[in-house]
Amino acid sequence: MMKVPFNWEGTDRKGKKVKGKSLAGDEAAVRADLRRQGVVPTRIRKQRKGLFSAKTKITPGDIALFSRQLATMLAAGIPLVQAFEIVGTGHENAGMQKLIMAIKTDVEGGSSLAQALAKHPLYFDDLFVNLVESGEQAGALETLLDKIATYKEKTEAIKKKIKKALTYPAAVLVVAFIVTTILLIFVIPAFEDLFQGFGADLPSFTRMVIDLSLFVRQKGWYLAIMMGGAVFAFLYFKKRSRPMRHFLDRMILKTPVIGPIMQKAAIARYSRTLSTMFAAGVPLVEALESVSGACGNIVYEEGVLKMRDEVATGQRLQQSMENTDLFPNMVVQMIAVGEESGSLDEMSGKVADFYEEDVDNAVDNLSSLLEPMIMAILGVLVGGLVVAMYLPIFKLGAVV
């Protein structure tokens with residue numbers, strides 16, 4: 001039976017009023033659970049889902065938080081099944097509650113935690129499952145979960161930083177496009193009617209803007225449909241076509257300003273994942289399999305898979321990294337030192353720390369660089385339309 005959240009109120013053994021929330025299949029199960037805790041329930045009701053508060057989508061941030069909470073509870077000596085109950089009951093995301101309780105049911109049924117997580121590949125990838133399996137086999141599950149939580153938190157921090165830097169200019173440009181469209185459809189026609197009474201030729205710049213306004217008003221719907229179809233087709237094939245993803249990711253790496261940031265982010269994810277996997281005792285060849293999918297760029301993914309094949313034949317990791325031409329010399333040399341000294345996990349972690357900080361600084365600099373550029377674009381778009389409309393008035397004033 002699927003468990004749902006219930007809000008309850010009651011009195012404890014000392015007669016003190018208490019209240020809380022429980023996950024259960026029905027109201028009877030909640031009453032039975034409260035009686036075992038020594039609580040006399042006075043009111044039990046199913047938690048209602050608000051119109052805007054009901055959250056069911058599970059994000060990578062939810063998975064990172066789940067890993068951290070589970071690691072903390074296991075380190076405190078709380079049994080695994082009880083930890084799932086506590087984390088699941090306290091989670092505000094209904095979708096995450098359902099996922100946690102499904103994993104708890106599998107674990108109670110005799111499955112290992114790694115096997116239970118593997119049933120949900122949409123949320124727990126091979127990297128996550130392999131690390132948990134290593135932790136279970138080594139008897140250090142809480143330590144591995146702590147490493148997973150740290151890894152997830154750091155990789156998500158990089159993603160959020162980059163998204164934040166790109167979202168602001170994108171949002172401003174969208175607003176600029178909307179404002180320009182409104183001016184062309186509603187404002188420019190009013191000036192056009194005014195200019196018709198001048199009885200003189202309009203400046204070429206003004207004539208061009210009026211023609212553009214006429215085109216948008218007459219063909220705007222067709223243009224919007226074509227643009228919408230193009231965006232849909234782009235997103236559709238980007239998600240399903242590996243050659244297209246490869247082309248786009250390679251072009252992104254070659255793009256000025258943005259390219260170096262994406263390259264540093266990919267190297268940071270590569271190094272952080274390699275450090276986490278190797279510290280967990282995962283063999284290098286097997287670790288590179290998981291590392292490839294964590295790079296976030298298909299060019300680096302294919303490069304790491306090629307490295308895996310070379311390492312499997314006995315080649316050193318340092319040499320295989322050099323062969324890809326994807327890693328700076330400094331990264332290769334630090335990995336070489338880690339291989340020679342037997343501290344590959346530690347050196348990979350240092351590389352990850354360096355590049356994560358470098359990405360932070362680069363994104364901050366990008367934001368500072370984009371702000372004046374965005375203001376200039378807004379000025380050219382909106383200011384150009386205004387100037388075009390006032391040129392005939394200036395010309396008329398000069399004639400008078």
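Excluded from the calculations below are hydrogen atoms, water molecules and symmetry mates; all remaining heavy atoms, backbone and side chain alike, are included.
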Original post:
Do Ile178 and Ile185 sit in the same hydrophobic cluster, where Ile, Leu, Val, Met, Phe, Trp and Tyr count as joined when their side-chain heavy atoms come under 4.5 Å apart?
Top reply: yes
Original post:
Shared ILVMFWY cluster between Ile86 and Phe84, side chains joined below 4.5 angstrom?
Top reply: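 Linked within one cluster.
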Side-chain donor-acceptor pair present, [X], [Y], cut-off under 3.5 Å:
X	Y	value
Glu289	Asn130	no
Thr150	Arg68	yes
Glu301	Asn297	no
Thr59	Asp62	yes
Tyr355	Ser271	no

Mind checking the [atom1]-[atom2] spacing from [X] to [Y]? Nearest 0.5 Å is all I need.
X	Y	atom1	atom2	answer
Met96	Met101	CE	CE	12.0 Å
Ile252	Phe247	CD1	CZ	10.5 Å
Tyr151	Thr273	OH	OG1	3.0 Å
Ser292	Lys306	OG	NZ	15.0 Å
Met347	Leu274	CE	CG	12.0 Å
Asp309	Gln315	CG	CD	11.0 Å

Report yes if the side chains of [X] and [Y] come closer than 4.5 Å at any heavy-atom pair, otherwise no.
X	Y	answer
Leu80	Leu70	yes
Phe66	Leu99	no
Asp106	Gln115	no
Val209	Phe205	yes
Leu113	Ile103	yes
Leu235	Val231	yes
Glu302	Thr324	no
Tyr236	Arg240	yes

Original post:
In this structure, are over 12 heavy atoms from other groups packed under 6.0 Å from Lys152 atom NZ?
Top reply: yes
Original post:
In terms of heavy-atom contacts, does CE of Met330 have more than 12 from other residues, nucleotides or ligands at under 6.0 Å?
Top reply: yes
Original post:
Could you walk me through whether Leu253 and Arg250 pass the side-chain contact (heavy atoms from CB on, under 4.5 Å) check?
Top reply: CA-CA 5 Å; Leu253 292 176; Arg250 185 169 291 279; 5.7 Å; no
Subject >> Derivation of the side-chain contact (heavy atoms from CB on, under 4.5 Å) call for Val291 and Phe278 >> reply: CA-CA 11 Å; Val291 170; Phe278 207 72; over 6 Å; no
Output yes when [X] and [Y] qualify as a salt bridge under the 4.0 Å nitrogen-oxygen rule, no when they do not.
X	Y	value
Arg245	Asp249	no
Asp12	Lys17	no
Glu108	Lys104	yes
Arg316	Glu340	yes

Counting distance only, does the side-chain N/O of [X] pair as donor-acceptor with the main-chain N or O of [Y] below 3.5 Å?
X	Y	value
Ser275	Arg272	no
Thr42	Glu9	yes
Asn323	Gln319	yes
Thr255	Met251	yes
Glu339	Leu317	yes
Arg217	Ser213	yes

Original post:
Are Phe327 and Tyr300 near enough that their ring centres are under 6.0 Å apart?
Top reply: yes
**OP:** Check Asp358, Val359, Asp353, Asp360 against Glu356 for a side-chain contact (heavy atoms from CB on, under 4.5 Å) and give me the one that passes.
**Re:**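 Answer after filtering Asp358, Val359, Asp353, Asp360: Asp353.
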Subject >> Option among Arg31, Arg36, Arg35 that satisfies the salt bridge (charged side-chain N to carboxylate O under 4.0 Å, His left out) test with Asp33 >> reply: Arg36
